[in-house]
Amino acid sequence: MNYIILDLEWNQGNEQKEKQLKELPFEIIEIGAVKLNSRMEICDSFHELIRPQVYKEMHYMIKKLLQLDMDELQDSRDFPEVIRSFLAWCGTEEFMFGTWGPQDLTELQRNMKYFGLPPLSPRPLKFYDVQKLFSIAFEDKKSRRNLEYAVDYLALSKDVPFHRALSDAYYTGRVLEKIKDPQVLQKVSFDGFNVPHNKRDEIHIVFDDYAKYISREFSDKGELLADKEVASTKCYLCHRNLKRKIRWFTPNGKHYYSVSYCEKHGYMKGKIRIRKADDDGVYAVKTMKFISEEEAAEIFQKKERAREIRRIKRHKEAAGEE
């Protein structure tokens, strides 16, 4: 298994000069990557600038951050040529992508779709979110630090400037090299640009301390929430269907919570995040995790607060109508 650690830089429309396209809000103008072998050692690199074809003006913030202007890109190859070369460089051996944060693979696939290239995968793409892995390995599992913070934390040498594609890919690869715990490296992420097309392609994965499910696409939230698999609360250890102590509820219309109880393993928290697919449908990312009785009580209080907020809102709306 090789690891392709990728970083992208992109441009976007200047609000006053160029309208930003919904189907391509960010146009990739630079790609950098390093290849790690099975021992997590950097063994090769790829870098190329890309000639823009959509946005003709460099956004002022991008120009300031990258110290790059449009003239420097004009002699470069266009996006389809560069990406074909990049994928050839990735090689035919099995590999997995890695990025700092979750956005790069989404924007890479969005650019590929816009320019008519075949998708990297027909279903959610497994990858290492090294930013997340750094937090799990060295901090509180929740914080999301910038790349330079991680480099300083690990006392890595700063050989090249930050905020360019190849240098940031290089530093991300160096950080990944330092993560040795196999349980941390088990925590793969999934890019959801391409949503599962059917039940067969849905993602079911169990980690050491929680389980994740990524559903197929549904036309709307109502259809999604009515699906038996989405709403199920099965114990991911003993595979029994569990009775819910707290039925699914939402405090905000986007995240749904439940609490179930397994006689063998205890209280289990369910969380459903509803996400928009690229073609305006929706899909669910559901996580199931065992929690303490005290944490279950906190979720009950969250449900009561959400119920009270809805009650107050209905009362105000009724008063306004009168």
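No experiment lies behind these values; they were computed from the predicted model shown. Reckoned from all heavy atoms, side chains included, excluding hydrogens, waters and symmetry mates.
Looking at every heavy atom in both residues, Ile28 comes nearest to Phe79 through CD1-CE1, 3.9 Å. The two atoms that bring Thr172 and Asp168 nearest to each other are OG1-O, 2.7 Å, heavy atoms only. For the pair Ala284 and Val230, the tightest heavy-atom approach, listed with the atom from each and the gap, is CB-CG1, 4.1 Å. Minimum interatomic distance between Lys63 and Met58 (heavy atoms only, all atoms of both residues): CB-CG, 3.7 Å. Heavy-atom minimum distance, Ala169 versus Gly32: CB-O, 3.6 Å. When every heavy atom of Val195 is checked against every heavy atom of Ala277, the shortest pair comes out as CG2-CB, 3.8 Å.
In this structure, the salt bridge (charged side-chain N to carboxylate O under 4.0 Å, His left out) partners of Asp209, at least two apart in sequence or on a different chain, are Lys187. By the ring-ring contact (aromatic ring centres under 6.0 Å, His included) test, Phe95 pairs with Phe97, sequence neighbours left out. Under the rule for a ring-ring contact (aromatic ring centres under 6.0 Å, His included), the partners of His204 that lie at least two apart in sequence or sit in another chain are Tyr213. In this structure, Tyr149 has no ring-ring contact (aromatic ring centres under 6.0 Å, His included) partners at least two apart in sequence or on a different chain. Evaluation of the salt bridge (charged side-chain N to carboxylate O under 4.0 Å, His left out) rule for Glu48 yields Arg77 as partners, not counting sequence neighbours. Take Glu217 and apply the salt bridge (charged side-chain N to carboxylate O under 4.0 Å, His left out) test, not counting sequence neighbours, and it matches no residue.
Between Asp152 and Lys158, at least one side-chain nitrogen of the basic residue sits less than 4.0 Å from a carboxylate oxygen of the acidic one, meeting the salt-bridge criterion. Between Glu81 and Arg84 there is no salt bridge, since no side-chain nitrogen of the basic residue lies less than 4.0 Å from a carboxylate oxygen of the acidic one. Classification of Glu308 and Arg311 as a salt-bridged pair holds, one side-chain N sitting under 4.0 Å from a carboxylate O.
Grouping Ile, Leu, Val, Met, Phe, Trp and Tyr by side-chain contacts under 4.5 Å, direct or through others, puts Met61 with Tyr60. Within the hydrophobic cluster formed by Ile, Leu, Val, Met, Phe, Trp and Tyr side chains joined at under 4.5 Å, directly or through other members, Met268 is accompanied by Val206, Tyr236, Leu237, Leu242, Met288, Phe290.
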Exercise for review: Under the side chain to side chain donor-acceptor pair (under 3.5 Å) rule, what do Ser260 and Lys269 come out as? Steps first, then yes or no, please.
Suggested key: CA-CA 7 Å; Ser260 304; Lys269 170 188 173 182; over 6 Å; no

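No donor-acceptor pair closer than 3.5 Å links the side chain of Ser157 to the backbone N or O of Asp159. The main-chain N or O of Arg216 is found under 3.5 Å from a side-chain atom of Glu202 such that the two form a donor-acceptor pair. A donor-acceptor pair under 3.5 Å is absent between the side-chain atoms of Thr250 and the main chain of Tyr256, judged by distance alone. Remark: the backbone N or O of Met70 is paired with a side-chain donor or acceptor of Gln74 at under 3.5 angstrom. Side-chain atoms of Glu27 do not come within 3.5 Å of backbone N or O of Asn11 as any donor-acceptor pair. Using modelled atom types, one side-chain atom of Lys286 and one backbone atom of Ser232 make a donor-acceptor pair closer than 3.5 Å. Proximity of a side-chain donor or acceptor of Ser76 to a complementary backbone N or O of Arg51 within less than 3.5 Å is not detected.
The environment of NZ in Lys271 is crowded: more than 12 heavy-atom neighbours from other residues, nucleotides or ligands sit within 6.0 Å. The 12-atom threshold is exceeded at CZ of Phe138, counting heavy atoms of other residues, nucleotides or ligands nearer than 6.0 Å. Sparse packing is recorded around CZ of Arg247, with 12 or fewer heavy atoms of other residues, nucleotides or ligands lying under 6.0 Å away. Heavy atoms of other residues, nucleotides or ligands lying less than 6.0 angstrom from NZ of Lys199 number more than 12. More than 12 heavy-atom neighbours from other residues, nucleotides or ligands sit within 6.0 angstrom of CD on Glu23. Within a 6.0 Å radius of CG in Asp75, no more than 12 heavy atoms belonging to other residues, nucleotides or ligands are found. Atom NZ of Lys56 has more than 12 neighbouring heavy atoms from other residues, nucleotides or ligands inside a 6.0 Å radius. For Glu263, the CD atom is loosely surrounded, since the number of other residues' heavy atoms within 6.0 Å does not exceed 12.
The list of ring pair (Phe, Tyr, Trp, His ring centres under 6.0 Å) pairs with a residue in residues 161-188, not counting sequence neighbours, reads Phe162-Tyr171. Residue pairs satisfying the side-chain hydrogen bond (donor to acceptor under 3.5 Å, both in side chains) criterion with at least one member in residues 97-115, sequence neighbours excluded, are listed as follows: Thr106-Asp191, Glu107-Arg110, Gln109-Asp191, Gln109-Asn194, Arg110-Asp278, Lys113-Asp278.
Ring-plane geometry between Tyr257 and His255 is classed as perpendicular, the angle between the planes exceeding 60 degrees on a 0 to 90 degree scale with a lower cut at 30.
A 4.5 Å side-chain heavy-atom check between Val151 and Arg174 finds every atom pair outside the cut-off. Counting heavy atoms from C-beta outward, Tyr55 and Gln20 have side chains that approach closer than 4.5 Å. A heavy-atom distance below 4.5 Å is found between the side chains of Met112 and Leu108. Here the side chains of Cys235 and His265 are in contact, with some heavy-atom distance below 4.5 Å. A 4.5 Å side-chain heavy-atom check between Asp78 and Ile50 finds every atom pair outside the cut-off. The shortest distance between side-chain heavy atoms of Pro161 and Ser167 does not fall below 4.5 Å. Side-chain atoms of Lys254 and Ile274, non-hydrogen and from C-beta on, never get closer than 4.5 Å to each other. Counting only heavy atoms from C-beta outward, the side chains of Ile272 and Val285 never approach each other to under 4.5 Å.
Counted by atom type alone, Ser143 and Glu139 present one or more donor-acceptor pairs between their side chains at under 3.5 Å.
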Using residues 120-131 as the side-chain source, report each donor-acceptor pair under 3.5 Å to any protein atom, sequence neighbours left out, with the distance given to one decimal.
residue : atom : partner : partner atom : Å
Ser121  : OG   : Arg123  : N            : 3.3
Ser121  : OG   : Arg123  : O            : 3.1
Arg123  : NE   : Asp201  : O            : 3.3
Arg123  : NH2  : Asp201  : O            : 2.8
Tyr128  : OH   : Leu185  : O            : 2.7
Asp129  : OD1  : Gly101  : N            : 3.1
Asp129  : OD1  : Gln131  : N            : 3.2
Asp129  : OD1  : Lys132  : N            : 3.2
Gln131  : NE2  : Arg145  : O            : 2.8

Side-chain donor/acceptor pairs under 3.5 Å, residues 33-43, sequence neighbours excluded:
residue : atom : partner : partner atom : Å
Lys35   : NZ   : Trp89   : O            : 2.8
Asn37   : OD1  : Arg39   : N            : 2.9
Asn37   : OD1  : Met40   : N            : 3.3
Asn37   : OD1  : Glu41   : N            : 3.0
Asn37   : ND2  : Glu41   : OE1          : 3.1
Arg39   : NE   : Glu41   : OE1          : 3.1
Arg39   : NH2  : Glu41   : OE1          : 3.2

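Hydrophobic clustering of Ile, Leu, Val, Met, Phe, Trp and Tyr side chains at less than 4.5 Å, counting indirect connections, keeps Leu166 apart from Phe86. Under the 4.5 Å side-chain heavy-atom criterion for Ile, Leu, Val, Met, Phe, Trp and Tyr, Phe26 and Ile29 are members of distinct hydrophobic clusters. One hydrophobic cluster, built from ILVMFWY side chains closer than 4.5 Å, holds both Ile4 and Ile83. Residues Ile31 and Leu68 are members of separate hydrophobic clusters, defined by side-chain heavy-atom contacts under 4.5 angstrom among Ile, Leu, Val, Met, Phe, Trp and Tyr. Using a 4.5 Å cut-off between side-chain heavy atoms of Ile, Leu, Val, Met, Phe, Trp and Tyr, with links allowed through other members, Ile5 and Leu87 fall into different hydrophobic clusters.
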